[in-house]
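One structure is given below, encoded as structure tokens.
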Amino acid sequence: MTSKTVADREIVVTRLIDAPRELVFAAFTEQEHIEQWWAPKGAATHEMDVKPGGVWRYSQPVHNGSSMPFKVRFIELDKPTRLVYEYGADGANVPEPVRTTITFAEEDGKTKITLQLLFATAVERKQAVKYGAIVGAMQALETLADYLATI
């Protein structure tokens, strides 16, 4: 039996951010912004080509002193309303990337972000939730809001 919905594979998080939509979209797609809020201190961008089919490769430090490589492959950019990309570890034999769809809606000069994370399987979603994916997504949007409040 197959499911016609993706509810068992997705996480959806929303947040209203007090910044114009164009700036919020830029914060997800321009290197000078994204490096200020996405990854922790010590992260390094190795490649960033923001266009459909383009990639952003970066690494971030982990607890044992090494670094973990990540890859974002951009699928769709509809400035400033929609962004779709696949996100995951960068390397061989890594889990399937998570397809992320972000919508940016104007609300009285603010921007409502809806972040949909779609996992390859329900098991992968369950594992991600166990390791803090929902809290992590909410914290990322909080960090974004804090960053945008400073510029």
Side-chain angles (χ1 to χ4, degrees), residues 5-63 67-91 94-120 122 124-151:
T5 70
V6 295
D8 63 340
R9 297 188 296 129
E10 75 175 357
I11 293 171
V12 177
V13 175
T14 62
R15 178 166 178 135
L16 187 63
I17 294 186
D18 191 8
R21 183 168 58 171
E22 288 75 14
L23 179 59
V24 178
F25 189 89
F28 275 90
T29 57
E30 294 179 8
Q31 187 171 346
E32 64 269 23
H33 291 303
I34 203 166
E35 289 181 336
Q36 300 301 311
W37 69 270
W38 180 294
K41 286 197 179 290
T45 293
H46 308 293
E47 175 184 6
M48 188 169 202
D49 184 16
V50 182
K51 65 181 182 187
V55 297
W56 173 36
R57 285 191 162 90
Y58 72 97
S59 58
Q60 66 183 49
V62 293
H63 301 295
S67 65
M68 176 83 171
F70 291 94
K71 176 180 169 185
V72 173
R73 187 175 68 83
F74 296 99
I75 297 168
E76 178 184 338
L77 288 93
D78 187 8
K79 183 181 178 182
T81 60
R82 182 177 159 90
L83 177 63
V84 181
Y85 57 81
E86 291 181 338
Y87 170 76
D90 191 10
V94 296
E96 288 287 318
V98 177
R99 180 169 286 229
T100 303
T101 301
I102 307 169
T103 55
F104 305 83
E106 282 187 334
E107 287 194 9
D108 299 323
K110 299 179 181 180
T111 304
K112 180 179 178 184
I113 295 178
T114 301
L115 186 68
Q116 180 208 35
L117 309 174
L118 184 60
F119 294 83
E124 289 180 17
R125 180 207 180 270
K126 187 175 180 179
Q127 282 293 104
V129 169
K130 178 180 175 182
Y131 291 109
I134 295 171
V135 172
M138 293 170 65
Q139 287 175 336
L141 294 180
E142 182 174 335
T143 302
L144 170 63
D146 291 347
Y147 165 68
L148 291 173
T150 67
I151 58 174

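For clarity, every value in this text was computed on a predicted model and none was experimentally measured. For the single chain, residues carry numbers from 1 onward in sequence order.
Judged as a ring-ring contact (aromatic ring centres under 6.0 Å, His included), and not counting sequence neighbours, the contacts of Phe25 are Phe104.
Among all heavy-atom pairs drawn from Pro40 and Gln60, the shortest one is CD-OE1, 3.3 Å. The two atoms that bring Ala7 and Arg125 nearest to each other are O-NE, 4.3 Å, heavy atoms only.
For the atom pair Gln36 CD and Thr143 OG1, the distance stands at 12.0 Å (nearest 0.5 Å). Gln31 CD to Asp49 CG: the interatomic distance, rounded to the nearest 0.5 Å, is 11.0 Å. One distance of note links CG of Asp90 with CZ of Arg73; it measures 12.5 Å at 0.5 Å rounding. For the atom pair CD1 (Ile134) and OH (Tyr131), the distance works out to 15.0 Å, reported to the nearest 0.5 Å. Note that CG of Leu148 and NE2 of His33 are 8.0 Å apart. Values are rounded to the nearest 0.5 Å. Annotation: the span from Trp37 atom CH2 to Glu142 atom CD amounts to 12.5 Å, rounded to 0.5 Å.
Between Leu23 and Ile151, the closest side-chain pair of non-hydrogen atoms falls below 4.5 Å. Within the 4.5 Å cutoff, side-chain heavy atoms of Arg99 are placed close to those of Val84. For the pair Thr111/Leu16, no side-chain contact is recorded, criterion being any heavy-atom separation below 4.5 Å from C-beta on. Under the 4.5 Å side-chain criterion, counting only non-hydrogen atoms from C-beta, Phe119 is in contact with Ile11. With contacts defined as side-chain heavy-atom distances shorter than 4.5 Å, the pair Thr14/Leu115 does not qualify. When side chains are defined from C-beta on, Ile102 counts as touching Tyr85, because their heavy atoms get closer than 4.5 Å. You'll find the side chain of Thr103 stays beyond 4.5 Å of the side chain of Ile113, heavy atoms only. Side-chain atoms of Val98 and Glu124, non-hydrogen and from C-beta on, never get closer than 4.5 Å to each other.
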Subject >> side chain to side chain contact (heavy atoms under 4.5 Å, CB included) evaluation trace for Thr29 with Ile34 >> reply: CA-CA 7 Å; Thr29 57; Ile34 203 166; over 6 Å; no

**OP:** Please lay out, stage by stage, how Asp78 and Leu83 fare under the test side chain to side chain contact (heavy atoms under 4.5 Å, CB included).
**Re:** CA-CA 6 Å; Asp78 187 8; Leu83 177 63; over 6 Å; no

**OP:** Might you work through the side chain to side chain contact (heavy atoms under 4.5 Å, CB included) test for Lys126 and Asp8, ending with a clear yes or no?
**Re:** CA-CA 9 Å; Lys126 187 175 180 179; Asp8 63 340; over 6 Å; no

**OP:** Might you work through the side chain to side chain contact (heavy atoms under 4.5 Å, CB included) test for Ile17 and Lys110, ending with a clear yes or no?
**Re:** CA-CA 6 Å; Ile17 294 186; Lys110 299 179 181 180; over 6 Å; no

**OP:** In sequence, state the C-alpha distance, the side-chain angles, and the governing distance for Glu76 and Arg82, and then conclude on salt bridge (charged side-chain N to carboxylate O under 4.0 Å, His left out).
**Re:** CA-CA 8 Å; Glu76 178 184 338; Arg82 182 177 159 90; 2.8 Å; yes

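Judged by distance alone, the side chain of Trp56 and the main-chain N or O of Thr45 form no donor-acceptor pair under 3.5 Å. A distance-only check finds no donor-acceptor pair linking the side chain of Ser59 to the backbone of Ser67 [under 3.5 Å]. Between the side chain of Arg9 and the backbone N or O of Leu118, no donor-acceptor pair lies under 3.5 Å. Looking at Arg57, its side chain never comes within 3.5 Å of a backbone N or O of Lys71 through a donor-acceptor pair.
Taking the centre of each ring, Phe70 and Trp38 stay at or above the 6.0 Å mark.
Atom CE of Met48 has more than 12 neighbouring heavy atoms from other residues, nucleotides or ligands inside a 6.0 Å radius. The environment of CD in Glu30 is crowded: more than 12 heavy-atom neighbours from other residues, nucleotides or ligands sit within 6.0 Å.
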